[in-house]
Amino acid sequence: MEEEVKKSQNFIEEIVEKDVQEGKLGGRVQTRFPPEPNGYLHIGHAKAICMDFGVAEKFGGVCNLRFDDTNPTKEDVEYVDSIQEDICWLGFKWGNIYYASDYFQQLWDLAEKLILDGKAYIDEQSAEVIAQQKGTPTTPGVESPFRNRPVEENLALFRKMNSGEVKDGAMVLRAKIDMSSPNMHFRDPIMYRVITDHPHHRTGYKWKAYPMYDFAHGQSDYFEGVTHSICTLEFVVHRPLYDWFIDQFADTDYRPRQYEFNRLNITYTVMSKRKMLQLVQEGLVAGWDDPRMPTICGLRRRGYTPEAIKNFISRIGYTKYEATIDVSMLEASVREDLKTRANRVCAIFEPVKLVIDNYPDDAQETLTTENNPDNESAGTRDVTFSKELYIERGDFMEDAPSSFFRLTPGGREVRLKSAYIVKCTGCVKDSDGNITEVHCTYDPDTKSGTEGGNRKVKSTINWVDTKSAREVEVRLYDRLFMVENPSASEQDFRELLNPDSLKVIKGCIVDNQLAEAKPLEHFQFLKQGYFTVDKDSTPDKPIFNRTVSLKDNWAKKN
RNA sequence: UGCCCUAUGGUGUAAUGGUAGCACAUCAGAUUCUGGUUCUGCUUGUCUGGGUUCGAAUCCUAGUGGGGCAACCA
């Protein structure tokens with residue numbers, strides 16, 4: 001038997017594996033994916049999802065979905081629904097669905113306990129003053145004048161914060177820790193604030209005082225029994241605070257252990273929900289699912305598959321180094337996946353008529369072509385062929401350099417894909433000098449699949465029979481931004497949008513069989529790229545989105 | 001004048017004290033009824049200085065560079 005090469009694990013998998021082997025927490029593995037329902041999931045979340053669900057699956061544990069919904073001003077059920085849809089589409093299954101709002105009462109009770117223990121107080125200063133007193137990373141903060149309020153007063157005011165008697169912003173509950181801590185999060189962090197004018201998407205107006213994320217997240221993990229609390233690097237400095245809160249009330253040794261990995265950055269895009277929301281709200285893209293967006297729903301509409309996304313994620317790895325991934329790696333992943341998945345068809349973007357002068361005027365024949373040379377099980381299909389075809393205007397050149405091996409008058413023979421070998425004889429122009437027809441002659445003995453068809457030629461030309469041609473709309477997508485890292489620029493990121501990120505081609509010619517294709521069906525338009533049917537596509541008005549182009553070495557050199 | 005994290009080809013990522021490997025990108029050649037795919041090959045890397053060791057990308061130390069931390073956001 002061959003020795004199986006063990007695929008190297010990332011550092012978090014190694015930690016979990018060791019914990020399981022040592023029987024820590026009974027060898028139990030429980031993770032969670034904790035999004036805030038304030039936006040659509042993007043490919044950075046997919047990285048977290050693959051980690052959270054992947055670790056649970058790999059080590060026989062469970063991964064729950066938890067919505068960290070502690071800020072009703074930003075959250076909405078629209079996002080709760082889309083997040084679930086996207087996780088399912090990616091192919092992951094959660095154990096339970098939880099909400100941080102499920103724990104509002106428990107958190108409230110803990111807050112009261114902290115007050116009674118003299119470890120929390122009500123501050124009536126403004127947000128600005130509190131921020132000033134916080135100091136800076138290099139200078140210590142100063143203590144609030146309200147810091148040493150009597151316990152009973154704190155408790156009474158805290159209850160008023162939740163009764164509607166306190167206006168938004170008038171009071172907050174702060175933990176009494178250390179205003180000179182080198183960790184800014186220990187400088188008396190805010191635990192509760194008042195929000196009266198926004199209903200919570202699940203609890204309505206029941207609560208007026210809402211816990212801050214820092215007071216809810218760690219405890220939520222604790223309440224649920226999370227073993228490995230995996231998140232991104234920006235939460236490293238929060239970890240000691242989560243531990244501190246839990247230490248104030250926990251009466252066992254159990255603790256969720258937090259581990260942090262690098263978040264995903266990709267060139268030529270932005271990966272911040274705030275910026276994406278701006279693009280959507282200002283109409284700079286067509287919505288969260290605009291195929292140029294790095295959202296899961298955008299990638300889906302663009303024609304990406306769950307497998308392509310997951311392969312990409314597993315290739316880029318998890319470390320503690322803040323890296324930026326070249327977008328070409330994402331593109332390579334989807335090309336690889338679509339290669340065996342997508343049937344090949346001819347699509348003519350800029351059509352010109354090709355007339356075969358020695359082909360009988362009224363004849364029409366049916367030819368057979370393979371659906372996918374990289375996937376035999378895809379089978380074959382029939383296409384019609386006759387005297388007049390559409391070909392790509394760029395496949396003909398009147399005065400061609402020797403490196404051009406397509407159609408040119410008196411040039412070499414070329415093959416019409418799955419049909420005959422032809423020789424270009426010339427072209428017809430209108431009074432303005434525009435080429436209206438390209439002419440050629442064909443060799444009847446060179447039909448594909450016959451012995452005569454085995455002749456080697458330098459090039460193969462795509463075509464669509466004019467008798468079965470169908471006009472469709474094609475949307476060519478390119479990178480959303482002109483610069484590698486829009487967030488690093490001095491300029492506002494909106495000024496860096498690529499004006500050519502969407503090109504719409506209306507009169508694209510395909511075989512009319514293609515009009516029946518269903519949304520999210522994948523195709524390779526030969527020599528052009530991979531395409532999928534847009535969700536707005538109808539049999540009357542078919543629309544195709546370009547997922548990714550094919551690599552084109554010839555265009556690159558010219 | 002702080003605290004935390006971090007540094008391996010162009011971009012990512014492995015090597016867990018013992019031959020620096022893989023992917024993407026790039027370049028060259030072969031194959032091809034897609035100038036795609038596939039195959040082969042080339043070029044390119046351990047941030048710097050000390051130390052430990054028979055042996056250091058790996059451990060220690062000091063620098064340097066990068067990232068994060070000062071929301072009533074998460």
Side-chain angles (χ1 to χ4, degrees), chain A residues 7-8 10-11 14 34-36 38-39 68-71 73-75 100 123 126-127 130-132 134-141 168-174 180-185 187 190-195 210 212-214 216-217 233-240 260 262 267 273-274 312 315-333 335-336 339-340 344 346 369-370 373-374 403-406 414-419 421 448-449 453-462 524-529 549-558:
Chain A
K7 190 190 181 288
S8 67
N10 63 60
F11 73 101
E14 285 178 357
E36 184 191 15
N38 70 340
D68 272 339
D69 53 352
T70 54
N71 184 358
T73 65
K74 291 187 175 170
E75 294 150 11
D123 198 335
S126 69
I130 290 176
Q132 266 177 11
K134 210 146 213 173
T136 71
T138 52
T139 56
D168 294 30
M171 292 180 193
V172 291
L173 179 70
R174 299 178 72 182
S180 59
S181 170
N183 183 335
M184 297 295 289
H185 296 275
R187 324 251 262 225
I190 291 167
M191 296 163 60
Y192 272 83
R193 76 302 210 175
V194 179
I195 300 171
Y210 287 91
M212 298 288 291
Y213 176 84
D214 276 353
H217 182 80
L233 246 23
E234 68 268 29
F235 293 104
V236 168
V237 287
H238 296 245
R239 191 200 321 140
E260 308 89 1
N262 60 343
T267 55
K273 275 198 273 189
R274 187 183 61 80
F312 167 72
R315 273 176 202 186
I316 60 176
Y318 297 82
T319 67
K320 300 175 90 160
Y321 173 73
E322 186 78 20
T324 300
I325 309 292
D326 195 321
V327 70
S328 64
M329 214 176 290
L330 215 209
E331 294 173 342
S333 291
R335 283 193 193 103
E336 181 186 288
K339 180 166 72 92
T340 51
R344 274 57 168 168
C346 290
T369 188
E370 56 190 346
D374 293 314
S403 63
F404 182 85
F405 34 88
R406 302 182 189 178
V414 302
R415 183 188 312 277
L416 295 173
K417 173 71 181 171
S418 302
I421 290 173
S448 291
N454 288 337
R455 198 151 84 216
K456 297 283 177 211
V457 293
K458 190 73 176 164
S459 183
T460 299
I461 300 292
N462 298 142
Q524 186 196 101
F525 291 178
L526 285 162
K527 299 185 182 178
Q528 297 286 1
S549 66
L550 255 33
K551 286 204 279 188
D552 190 346
N553 288 321
W554 187 65
K556 222 183 290 180
K557 285 178 199 166
N558 290 269

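Just so we're on the same page: letters track the sequence lines, and every chain starts at 1.
A:E234 places its CD atom 15 Å from the P atom of B:U6, with the value rounded to the nearest Å. Remark: P of B:A14 and OH of A:Y321 are 13 Å apart, rounded to the nearest angstrom. In this structure, the CD1 atom of A:I316 is 16 Å from the P atom of B:U11, given to the nearest Å. Summarising the geometry, the separation between CZ on A:R187 and C1' on B:A71 is reported as 15 Å, rounded to the nearest angstrom. Counting to the nearest Å, the C1' atom of B:G36 and the CG atom of A:D374 are 9 Å from each other. B:C72 atom P lies 12 Å from atom CG of A:N71, rounded to whole Å. One can place CZ of A:F312 at 13 Å from P of B:A25, the figure rounded to the nearest angstrom. With rounding to whole Å, A:R174 atom CZ is found 9 Å from B:C72 atom P.
Along RNA chain B, the nucleotide nearest to A:V236 and the one nearest to A:T460 differ in position, and the one closer to the 5' end is contacted by A:V236. The nearest heavy atom of RNA chain B to A:S328 and to A:R415 marks one nucleotide each, and the one closer to the 5' end goes with A:S328.
Nearest heavy atom pair, residue A:E260 against residue A:F11, reads O-CZ, 3.2 Å.
Within 3.5 Å, a donor on the side chain of A:R406 pairs with an acceptor on the base of B:G35, or the reverse. Side-chain atoms of A:H238 and base atoms of B:A74 include a donor and an acceptor less than 3.5 Å apart. Between the side chain of A:Q528 and the base of B:U34, no donor-acceptor pair of N or O atoms lies under 3.5 Å. Taking only distance into account, the side chain of A:D326 never meets the base of B:G10 through a donor-acceptor pair shorter than 3.5 Å.
For A:A332, counting side-chain heavy atoms from C-beta on, the closest listed nucleotide (B:G2, B:C24, B:U34) is B:C24. Here the nucleotide nearest the side chain of A:M329, chosen from B:U13, B:A74, B:U11, is B:U11. In the set B:G12, B:A25, B:C73, the nucleotide with an atom closest to the side chain of A:M212 is B:C73. Minimum atom distance to the side chain of A:K134 is reached by B:C72, of the listed B:A74, B:U1, B:C72. Listed nucleotides B:G68, B:A70, B:A71 differ in distance to A:K74; the shortest reach to its side chain belongs to B:A71. In the set B:A74, B:G12, B:A25, B:G12 carries the atom at the smallest distance from any side-chain atom of A:I325. Among the nucleotides B:A14, B:U1, B:A74, the one closest to the side chain of A:S8 is B:A14. Of the candidate nucleotides B:C3, B:U13, B:A70, B:A70 has the atom lying nearest to any side-chain atom of A:T136. For A:E322, taking side-chain heavy atoms from C-beta onward, the closest of the listed nucleotides B:G67, B:A14, B:A25 is B:G67. If you check B:A74, B:A23, B:A71 against the side chain of A:E36, the one that comes closest is B:A74.
The existence of a salt bridge linking A:E336 and A:R315 is confirmed by a sub-4.0 Å separation between a basic side-chain nitrogen and an acidic carboxylate oxygen. Using a cut-off of 4.0 Å between Lys/Arg side-chain N and Asp/Glu carboxylate O, A:D552 and A:K527 are scored as not salt-bridged.
Nucleotides B:G12 and B:U53 have their P atoms positioned 36 Å apart, rounded to a whole Å. For the P atom pair drawn from B:G9 and B:U58, the interatomic distance equals 14 Å after rounding to whole Å. Rounded to a whole angstrom, the distance from the C1' atom of B:U13 to that of B:A57 is 14 Å. With P as the reference atom, B:U61 and B:U52 are 15 Å apart, rounded to whole Å. Nucleotides B:U43 and B:G36 are separated by 24 Å at their P atoms, to the nearest Å. Between B:A62 and B:A20, the two P atoms lie 29 Å apart (nearest whole Å). Between B:U11 and B:G66, the two P atoms lie 15 Å apart (nearest whole Å). One C1' atom belongs to B:U32, the other to B:U38, and the distance between them is 9 Å to the nearest Å.
A close approach under 4.0 Å does occur between a side-chain nitrogen or oxygen of A:R193 and OP1 or OP2 of B:C73. Side-chain nitrogen and oxygen atoms of A:K456 include at least one within less than 4.0 Å of the OP1 or OP2 phosphate oxygen of B:U32. One finds no side-chain N or O of A:K458 lying less than 4.0 angstrom from the OP1 or OP2 phosphate oxygen of B:G35. In this structure, A:T324 does not reach the B:U11 phosphate: none of its side-chain N or O atoms is under 4.0 Å from OP1 or OP2. Side-chain nitrogen and oxygen atoms of A:N262 include none within less than 4.0 Å of the OP1 or OP2 phosphate oxygen of B:G12. Distances shorter than 4.0 Å separate some side-chain N or O of A:N553 from OP1 or OP2 on B:G36. Taking 4.0 angstrom as the limit, A:K273 places none of its side-chain polar atoms (N or O) nearer than this to OP1 or OP2 of B:C73. One finds a side-chain N or O of A:K527 lying less than 4.0 angstrom from the OP1 or OP2 phosphate oxygen of B:G35. For B:U34, neither phosphate oxygen OP1 nor OP2 lies less than 4.0 angstrom from any side-chain nitrogen or oxygen of A:S459.
Below 30°, between 30° and 60°, or above 60°: for A:F404 and A:W554 the angle between ring planes is between 30° and 60°, a tilted geometry.
Of the nucleotides present, none pairs with B:U46 by Watson-Crick or G-U wobble criteria with both distances under 3.5 Å. B:C54 is paired with B:G18 under the criterion used here, namely a Watson-Crick or G-U wobble arrangement in which both key atom distances are under 3.5 Å. The partner of B:A7, taking Watson-Crick or G-U wobble pairs whose two distances both stay under 3.5 Å, is B:U64. Under the Watson-Crick or G-U wobble criterion, with both distances below 3.5 Å, B:C72 has no partner in any strand shown.
Using modelled atom types, one finds no donor on one side chain facing an acceptor on the other under 3.5 Å when comparing A:D374 with A:T340. A donor-acceptor contact closer than 3.5 angstrom is absent between the side chains of A:S181 and A:N183.
Contact annotation for A:T139: no contact, since no heavy-atom pair falls under 4.0 Å across all strands. Counting non-hydrogen atoms under 4.0 angstrom, A:Y210 reaches nothing in the nucleic acid. Using a 4.0 Å heavy-atom criterion, one finds that A:K551 contacts the sugar-phosphate atoms exclusively. Note on A:A127: a base of the nucleic acid sits closer than 4.0 angstrom, heavy atoms only. Using a 4.0 Å heavy-atom cutoff across all strands shown, A:P373 reaches at least one base atom of the nucleic acid. Residue-level contact check: A:T70 touches the backbone only, with heavy atoms under 4.0 Å from sugar-phosphate atoms and none from bases.
Interatomic distance, A:D214 CG to A:T70 OG1, rounded to the nearest 0.5 Å: 9.5 Å.
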Pair A:D168, A:R193 - check salt bridge (charged side-chain N to carboxylate O under 4.0 Å, His left out), show working. CA-CA 8 Å; A:D168 294 30; A:R193 76 302 210 175; over 6 Å; no

Could you walk me through whether A:I316 and A:I325 satisfy the side-chain contact (heavy atoms from CB on, under 4.5 Å) test, starting with their C-alpha distance in whole Å, then the side-chain angles of each, then the deciding distance to 0.1 Å, before giving a yes or no? CA-CA 8 Å; A:I316 60 176; A:I325 309 292; 3.8 Å; yes

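The shortest side-chain heavy-atom distance between A:N38 and A:K273 falls under the 4.5 Å cut-off.
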